Participant: 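Got a structure here, written out as structure tokens. Questions coming.
A quick note: this is a predicted structure, and the numbers were derived from the prediction, not measured. Letters go in sequence order (proteins before strands), and every chain restarts at 1.
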Protein chains: 2
Amino acid sequence: MKLPESAEWVLHAAGSLAQLEPGGTASAARLAEHFDLPPAYLAKQLQALVRAGLFTATTGPRGGFRLARHPGDITLLEIVEAIDGTSPFYTCNEIRQQGRGAAPPEQCRQMCGLARHLHAAEDAWRARLAEVTLEDIVDGLPRGVQRRTRELLG
Amino acid sequence: MKLPESAEWVLHAAGSLAQLEPGGTASAARLAEHFDLPPAYLAKQLQALVRAGLFTATTGPRGGFRLARHPGDITLLEIVEAIDGTSPFYTCNEIRQQGRGAAPPEQCRQMCGLARHLHAAEDAWRARLAEVTLEDIVDGLPRGVQRRTRELLG
DNA sequence: GTCCCGGTACTCGGATACTCACTGTCCGAGTACGTTCGG
DNA sequence: CCGAACGTACTCGGACAGTGAGTATCCGAGTACCGGGAC
């Protein structure tokens, strides 16, 4: 039960793109050296964000990745799910209906109580991340950070 | 980002023990056939609950596992953490302080905004699971389930 | 009948293989720019 | 001087190995019960 380390990378990458002027572009190599990360692997992960429709990529010189939407329309949940997938933490295999103690179907009309609570907790996690946008992240940065990021990446 | 499948197993095992009369005992083999699970592997996982202080184990004939505390004093969070560990989903490696764009220390007085939100979401997950006890699970079972479990496992 | 002893069967507990996702790396396809050559 | 064609360098994109957690299994250590035998 752990997010891939690449989740941290793409979150910071997305945050950096959000700090540039609207439509600003940065290549994977540039972002990698900005955070001292393995360039090839970072590029591989950024592709996932393109597939998810969060980034758009352009090849060739002066190319790179840019946000596909306004920073206020991209939530942290979308970024995390682009990397980690949308499959739930807890999958109920209905083991209550298996084995010697298999419960009869008429006692299984409603979802298993354990699954219900586990899913509710997961919904709370997702809801909390869906509330925060990249714009919120940029607005919360200490004074001067955004200007410096633009100078270094722009 | 997925709970081990064994989490479902021990949650159901704990729920079953909570349905027995107070102090009721069931062996790993008995629980395994009750849910049609690999006996040896289930036993290995139940050991983790013993190490966490949630179960107590007795060897020999008529031995097995039993709850170490009253069902109302055991939360789902404790059970999950006994299997999955307490390490956070998201670990901030402070990559904002690495590489070409390393932020100066005076801009890093407070925690990284991304880490703050990710941790808040995780806290929401944990809090939701900490609210639910095994007693709540037993109370939420359909009519007749507890009696049947006692007959089969008792 | 009562007590003691031994054997047995059952339990947990830890040590040992196997699988898959995450991590890490590489090379190929495609494009925009800068340069150069001809008119 | 102007335009177009060419070459180059840079970009993403997908295909190919290495590693650690989770999965699965087995056998050994220890204990409580059950039966038999002696008193």
Participant: Rounded to the Å, how far apart are B/L37 CG and D/dA24 P?
Facilitator: 10 Å

Participant: For the residue pair B/Y41 and B/W9, categorise the inter-ring angle as parallel (less than 30°), tilted (30 to 60°) or perpendicular (more than 60°).
Facilitator: perpendicular

Participant: Give the minimum heavy-atom separation between B/F35 and B/A13, together with the two atoms involved.
Facilitator: CE1-N, 4.3 Å

Participant: Round to the nearest Å and state the distance from B/L46 atom CG to D/dA24 atom C1'.
Facilitator: 15 Å

Participant: Tell me which one of B/D136, B/L129, B/L134 satisfies side chain to side chain contact (heavy atoms under 4.5 Å, CB included) with B/V132.
Facilitator: B/D136

Participant: A/Q47 side chain: which of C/dT25, D/dG14, D/dT23 is closest?
Facilitator: D/dG14

Participant: Could you state the CZ-C1' distance from B/F89 to D/dA21, rounded to the nearest angstrom?
Facilitator: 16 Å

Participant: Whole angstroms only, please: what is the CG-P distance between A/L42 and C/dT25?
Facilitator: 12 Å

Participant: Please confirm whether the shortest side-chain N or O distance from B/Y41 to OP1 or OP2 of D/dT25 is below 4.0 Å.
Facilitator: no

Participant: Look at all strands and tell whether A/A57 reaches a base, only sugar-phosphate, or nothing, counting heavy atoms closer than 4.0 Å.
Facilitator: sugar-phosphate

Participant: Quick one: A/M1 CE to C/dA21 P, roughly how many Å, whole number?
Facilitator: 17 Å

Participant: Take B/R128 and A/E122, measure what side chain to side chain contact (heavy atoms under 4.5 Å, CB included) needs, and give me the verdict at the end.
Facilitator: CA-CA 9 Å; B/R128 186 70 185 71; A/E122 183 172 338; over 6 Å; no

Participant: Return no unless some side-chain N or O of A/R66 is found under 4.0 Å from OP1 or OP2 of D/dT11.
Facilitator: no

Participant: Answer yes or no: does a side-chain N or O of B/R51 lie under 4.0 Å from OP1 or OP2 of C/dG14?
Facilitator: yes

Participant: Evaluate the ring planes of A/F89 and B/F89, with Trp represented by its six-membered ring, and classify them as parallel (under 30°), tilted (30 to 60°) or perpendicular (over 60°).
Facilitator: perpendicular

Participant: Specify the separation, in whole Å, of atom NZ of B/K2 and atom P of C/dC20.
Facilitator: 15 Å

Participant: In terms of the nearest nucleotide of DNA chain C, which residue is placed more toward the 5' end: A/R62 or A/A7?
Facilitator: A/A7

Participant: Report the distance from atom CZ of B/F55 to atom C1' of C/dG13, rounded to the nearest whole Å.
Facilitator: 16 Å

Participant: For B/P61 and for A/A28, locate the closest nucleotide of DNA chain D by heavy-atom distance; then report the residue assigned to the nucleotide nearer the 5' terminus.
Facilitator: A/A28

Participant: For a quick test of reading the model: is some side-chain N or O of A/S27 closer than 4.0 Å to OP1 or OP2 of D/dT11?
Facilitator: yes

Participant: Without decimals, in angstroms, what is the distance between B/K44 NZ and C/dG13 C1'?
Facilitator: 10 Å

Participant: Mapping B/D84 and B/T59 to their closest nucleotides on DNA chain D, which lands nearer the 5' end?
Facilitator: B/D84

Participant: Output the single nucleotide from D/dT31, D/dT23, D/dG13 whose closest atom is nearest the side chain of A/F65.
Facilitator: D/dG13

